Amino acid sequence: MTFCGATTGIEPPLALLAELTHRCPLRCAYCSNPLALDPASRELDTAVWRRVLDEAADLGIIQVHFSGGEPTARKDLEALVAHATGAGLYANLITSAVLLDRARLERLRDAGLQHVQIGFQDTVPAKAEIISGFPGGQPKKLEVARAVTDAGMALTVNAIVQRHNIDRVDDFIDMALELKAGRIEIANVQYYGWALKNRAALMPTHEQLIRMDERVRARLPELTGRLVVDYVVPDYYAKRPKACMGGWGRKFLNVTPSGSVLPCHAAETIPGMTFDRVTERPLADIWANSAAFQRYRGTDWMPQPCRSCDQREIDWGGCRCQALALTGSADNTDPVCELSEHHGLLAGITATDGGTAEVPLTYRSFSL
Amino acid sequence: MTGALGEEDRVRLAPGVMLRQDRVRNHWQLLGPERVLILDEVALEVVRAATAQPPVTVGAAIGALATQFDAPRDEIAADVLEVLADMIAKGFLTR
């Protein structure tokens, strides 16, 4: 891969997460969006998004993920998909599906949409409703999922896994096969944003995770060539951190509904950060030079034990937001790493929050 | 759908997969959901031959590649099948 500028030595990003809106009809307890959401009145308009998409393509971004909140709550989604496609971007839609129907999916396909990822809260409708707080969601999701493949687009089943559905991972895989999905994402809930409020109600036990892991691995051979499996192992039970975002400021950028440009979806939780806005500075300049992207880019920021670790350019020190949430400072090594002085914290959290007890969910509410 | 890929099979791009020239990075790539596969010159020609329109069998694609690269058919056949089988396993192509 070539560098985007000999002077910066910074590679161009691969993907843009375009958060079109924070509005969402669902009230999911595991929502990873920040506690303070952008109101509709602060959302970027169509013209600004078009310019952002052009700047993203010029910068070398390959894929755009239209996300939210619920991106289909924006009436200009078709126009934005068409614009992205025209700029040479691969267009993905990350959706709950409950606002979609066959006619709109066909319009989105005709605008150039390639891939639709639908989030599923469970395989059992009543249990899915308990997590999403949205009645009647499951039949709608299944209907839309079938319409996606009927329309010739790629479908991903995003199985959002936590204590209450983790024992049905086989059922999620079977559902993906039945829906003719090309891909399933088995995504263990990450405890950022709103989800952190519900950690004690959602975190599975270690035994549940081991059983799930055995089931997924047992299924993998039969799925080769039929269903791509992307499998996110839950951090809290890991020994080494994930390379969050593929490394800070290395592959991804995120534009919020009101136009702030973030190195990751949860970066606004970190105190002392300043984020540039697409309305004030060109995207390429933000990517290369903004304080937020520079702060944890590369290895210069790293404390020990990361700084001298032979894994430092593999995991890039793990996740900054997780370091913040668990140790109180985003500058620390991700405590998921067993070499972190804070790694012992995790055993305490999983002992108290990981369980099967009936802890009430705290729903979020941010209606259309 | 089952069994090893053979010369009598036909392959096509899987739903949601596109072949794209990346002008910033100066290479060709296959794009799919959350995926990028960078193609070198040979892999690009294999994809083009195997997904030609109107559709051809893998065997016909191997024949076309042998002619294009002036290579003995028997020597490249196994390599082409392996490349295509790998792209199927990764979800970029489908039978």
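By convention in this document, chain letters (A, B, ...) are assigned in the order of the sequence lines, proteins followed by strands, and residues within each chain are numbered from 1. Treat the numbers as computed from the prediction; the structure is a model and nothing was measured.
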Are the charged groups of A:R183 and A:E185 less than 4.0 angstrom apart, N to O?
yes
Largest heavy-atom contact set with chain B, pairs under 4.5 Å, which of A:I62, A:D58, A:L113
A:I62
Would you mind telling me which of A:A15, A:G182, A:G88 has the largest number of heavy-atom pairs within less than 4.5 Å of chain B?
A:G88
Which portion of A:D230 sits near chain B, non-hydrogen atoms under 4.5 angstrom
side chain
Can you find a pair of side-chain heavy atoms, one from B:L31 and one from B:L37, that are under 4.5 Å apart?
no
Which atoms of A:L93 come close to chain B, meaning under 4.5 Å heavy atom to heavy atom: side chain ones, backbone ones, both, or neither?
neither
Could you verify whether a donor N or O on one side chain and an acceptor N or O on the other, from A:S67 and A:E19, lie under 3.5 Å apart?
no
Is A:R297 close enough and on-axis enough to A:W316, meaning under 6.0 Å and within 45°, for cation-pi?
no
Sort B:Q29 into side chain, backbone, both or neither according to what part of it lies under 4.5 angstrom from a heavy atom of chain A.
side chain
Assess, by modelled atom type and distance only, whether the side chains of B:Q68 and B:E45 contain a donor and an acceptor separated by less than 3.5 Å.
yes
Non-hydrogen atoms of chain A under 4.5 Å away: do they reach the side chain of B:R35, the backbone, both or neither?
both
Out of B:P15, B:A14, B:P33, which one racks up the most heavy-atom pairs below 4.5 Å with chain A?
B:P33
A:W248 ring center near A:F293 ring center (under 6.0 Å)
no
